[in-house]
Amino acid sequence: MAKSYPNIGSCSRRAAWAKNPKGAPACMAIGCTCKAVYRVAVEVNCFRGDDEVGNACEAHKRDADALAVGIPTFRDAARAAQARALEKKGQA
């Protein structure tokens with residue numbers, strides 16, 4: 001039987017995030033406001049190196065579809081914010 005993608009590759013619990021939820025990053029599933037406790041690798045296809053790695057809460061640690069959409073969205077938003085900050089710094 002062939003694997004279906006996206007698929008959860010690995011899921012590791014981060015003890016520091018579990019102990020201190022205030023310092024934990026947000027879950028990367030779209031619309032989720034919970035704090036992350038897990039670091040999750042989402043396999044998007046059969047090729048090595050194309051995995052998406054992100055943060056997930058208890059509810060989304062096995063939801064590959066939500067994380068496969070949310071991780072690139074968060075990454076693109078962070079890049080846009082960084083570009084705006086560099087542009088603002090260049091104007092000042």
Side-chain angles (χ1 to χ4, degrees):
M1 182 174 186
K3 259 187 177 179
S4 63
Y5 293 98
N7 185 30
I8 297 294
S10 66
C11 180
S12 59
R13 183 176 173 85
R14 301 294 178 164
W17 294 350
K19 288 179 186 174
N20 183 15
K22 289 184 180 180
C27 177
M28 292 187 164
I30 298 293
C32 184
T33 58
C34 297
K35 291 293 187 171
V37 182
Y38 294 91
R39 188 83 166 156
V40 179
V42 179
E43 299 171 352
V44 293
N45 57 34
C46 63
F47 298 107
R48 290 181 59 202
D50 288 348
D51 298 347
E52 299 286 348
V53 180
N55 310 318
C57 63
E58 187 73 37
H60 291 110
K61 70 179 182 180
R62 292 287 173 203
D63 190 356
D65 293 326
L67 292 172
V69 172
I71 293 171
T73 303
F74 269 73
R75 183 182 58 232
D76 294 342
R79 285 183 184 162
Q82 184 179 19
R84 283 192 306 272
L86 288 174
E87 183 180 301
K88 186 176 179 180
K89 184 178 178 182
Q91 290 177 355

Study note, to complete from the structure: On a heavy-atom basis, the closest approach of Y38 and R13 is OH-NH1, 3.4 Å
Drop me the distance from [X]'s [atom1] to [Y]'s [atom2], to the nearest 0.5 angstrom.
X: C27; Y: K61; atom1: SG; atom2: NZ; answer: 12.0 Å
X: I71; Y: I30; atom1: CD1; atom2: CD1; answer: 10.0 Å
X: C57; Y: D63; atom1: SG; atom2: CG; answer: 9.0 Å
X: R14; Y: K19; atom1: CZ; atom2: NZ; answer: 13.5 Å
X: H60; Y: L67; atom1: NE2; atom2: CG; answer: 7.5 Å

A side-chain contact here means heavy atoms from C-beta on lying under 4.5 Å apart; do [X] and [Y] qualify?
X: N55; Y: W17; result: yes
X: D51; Y: V42; result: no
X: R62; Y: C11; result: yes

Point to revise | Joint hydrophobic cluster, I8 plus V37, side-chain heavy atoms closer than 4.5 Å | key: yes
Practice item. Please name all residues satisfying salt bridge (charged side-chain N to carboxylate O under 4.0 Å, His left out) with K35, sequence neighbours left out, ordered by chain then number. Key: none
